[in-house]
Amino acid sequence: LDDVFSEQELNQILEEGEKIFRSKYDIPTGSSLADAGFEFDNNRFHLPEQAGLTETSVVLIFNPYEVAPYAVGPSRIEIPIN
């Protein structure tokens with residue numbers, strides 16, 4: 001993502017990504033990600049190493065064990081480019 005987007009755009013992707021992630025897993029804003037069973041460093045949402053682009057979205061993929069137990073499987077979210 002660093003090769004494609006500016007720092008400002010990455011910050012927007014981070015912000016939108018967290019909103020979509022929280023919505024997908026029904027985690028209210030202000031609630032702890034750790035309390036919901038996710039293990040982010042310092043309990044702060046971050047962008048994964050695995051990401052891609054489609055014509056209409058940025059796709060973020062958290063692999064098993066990256067932020068949750070293996071049983072949860074991979075976590076995939078899409079952020080509309082607009």
Side-chain angles (χ1 to χ4, degrees):
L1 294 176
D2 292 343
D3 294 337
V4 178
F5 296 102
S6 69
E7 186 175 338
Q8 180 182 356
E9 290 168 328
L10 286 172
N11 287 332
Q12 290 173 327
I13 292 169
L14 178 67
E15 185 178 311
E16 281 302 307
E18 182 171 2
K19 286 179 191 175
I20 293 168
F21 186 90
R22 285 178 175 276
S23 176
K24 179 177 182 173
Y25 293 103
D26 199 27
I27 306 168
T29 301
S31 293
S32 168
L33 293 166
D35 288 346
F38 294 94
E39 300 174 10
F40 286 91
D41 291 340
N42 299 318
N43 199 34
R44 297 189 65 187
F45 184 84
H46 62 78
L47 299 177
E49 292 293 321
Q50 301 296 319
L53 297 171
T54 69
E55 290 181 20
T56 59
S57 64
V58 175
V59 180
L60 304 179
I61 302 169
F62 295 94
N63 291 315
Y65 290 121
E66 189 171 352
V67 295
Y70 183 80
V72 173
S75 299
R76 175 189 166 122
I77 59 173
E78 291 192 33
I79 304 166
I81 290 177
N82 61 0

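Everything numeric in this text was worked out from a predicted model, so none of it was measured. Below, each value reflects all heavy atoms present in this structure, side chains not excepted, and no hydrogens, waters or symmetry copies.
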Visitor: Using every non-hydrogen atom in the two residues, find where Pro64 and Gly73 come nearest and quote the distance to one decimal.
Guide: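 For Pro64 and Gly73, the tightest heavy-atom pair comes out as CG-C, 4.1 Å.
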
Visitor: Apply the side chain to side chain contact (heavy atoms under 4.5 Å, CB included) test between Glu15 and each candidate in Lys19, Glu18, Gln12; give the one that qualifies.
Guide: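 Of Lys19, Glu18, Gln12, side chain to side chain contact (heavy atoms under 4.5 Å, CB included) with Glu15 is met by Lys19 alone.
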
Visitor: Is the ring pair Phe40/Phe21 parallel, tilted or perpendicular, if the boundaries are 30 and 60 degrees?
Guide: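 Ring orientation of Phe40 relative to Phe21: perpendicular.
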
Visitor: Hydrophobic clustering (ILVMFWY, side-chain heavy atoms < 4.5 Å, transitive) - are Leu14 and Leu33 grouped together?
Guide: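 Yes: a chain of side-chain contacts under 4.5 Å links Leu33 to Leu14.
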
Visitor: To the nearest 0.5 Å, how far apart are CD in Glu16 and CG in Asn11?
Guide: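 Those atoms lie 12.5 Å apart.
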
Visitor: Hey, could you give me the CD1/OG distance between Ile79 and Ser57, rounded to the nearest 0.5 Å?
Guide: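 So the gap between those two atoms works out to 8.5 Å.
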
Visitor: Closest heavy-atom contact between Ile81 and Val58?
Guide: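 Minimum heavy-atom separation between Ile81 and Val58: CG1-N, 4.1 Å.
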
Visitor: Taking all heavy atoms of His46 and all of Asp41, pick out the closest pair and write down the distance.
Guide: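 Closest pair (atom of His46, atom of Asp41, distance): CD2-N, 4.4 Å.
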
Visitor: Rounded to the nearest 0.5 Å, how far does OG of Ser75 lie from OH of Tyr25?
Guide: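 These two atoms lie 3.0 Å from each other.
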
Visitor: Could you report the tightest heavy-atom contact between Pro69 and Gly37, atom names first, then the distance?
Guide: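 Nearest pair, atom of Pro69 first, then Gly37: CD-O, 3.9 Å.
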
Visitor: Given the rule that I, L, V, M, F, W and Y join up when any side-chain heavy atoms are under 4.5 Å apart, are Tyr70 and Phe38 in one cluster?
Guide: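 No, Tyr70 does not connect to Phe38 through the hydrophobic network.
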
Visitor: Is there a path of hydrophobic side-chain contacts, each under 4.5 Å between heavy atoms of I, L, V, M, F, W or Y residues, that connects Ile20 with Leu47?
Guide: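 Same cluster.
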
Visitor: So, Arg22 side chain and Pro28 main chain: donor-acceptor pair closer than 3.5 Å or not?
Guide: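 Yes; judged by distance alone, with no hydrogens or angles, the pair exists.
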
Visitor: Under a single-linkage definition using a 4.5 Å side-chain heavy-atom cutoff for Ile, Leu, Val, Met, Phe, Trp and Tyr, are Leu10 and Ile77 assigned to the same hydrophobic cluster?
Guide: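 They do share one cluster, since a chain of ILVMFWY contacts under 4.5 Å joins Leu10 to Ile77.
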
Visitor: Counting neighbours of CD on Glu9 that are heavy atoms of other residues, nucleotides or ligands and sit closer than 6.0 Å, is the number greater than 12?
Guide: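 Atom CD in Glu9 is packed in, count exceeds 12.
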
Visitor: Give a yes or no on whether Leu53 and Ile13 share a hydrophobic cluster (residues Ile, Leu, Val, Met, Phe, Trp, Tyr; joining criterion: side-chain heavy atoms under 4.5 Å apart).
Guide: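 Result: yes, single cluster for both.
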
Visitor: How far apart are the closest heavy atoms of Leu60 and Gly17, and which atoms are they?
Guide: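 Smallest interatomic distance, heavy atoms only, reads CD1-CA, 4.5 Å.
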
Visitor: Check whether any side-chain N or O of Lys24 sits under 3.5 Å from a backbone N or O of Arg76 as a donor-acceptor pair, and report yes or no.
Guide: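 A pair under 3.5 Å: yes.
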
Visitor: Taking all non-hydrogen atoms of both residues into account, name the closest pair between Ser32 and Asn43 and its distance.
Guide: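 Closest approach of Ser32 to Asn43, heavy atoms only: OG-ND2, 3.0 Å.
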
Visitor: Given 3.5 Å as the limit, does a donor-acceptor pair link the side chain of Thr54 with the main chain of Thr56, or not?
Guide: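 Side chain of Thr54 to backbone of Thr56, a donor-acceptor pair under 3.5 Å: yes, one is there.
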
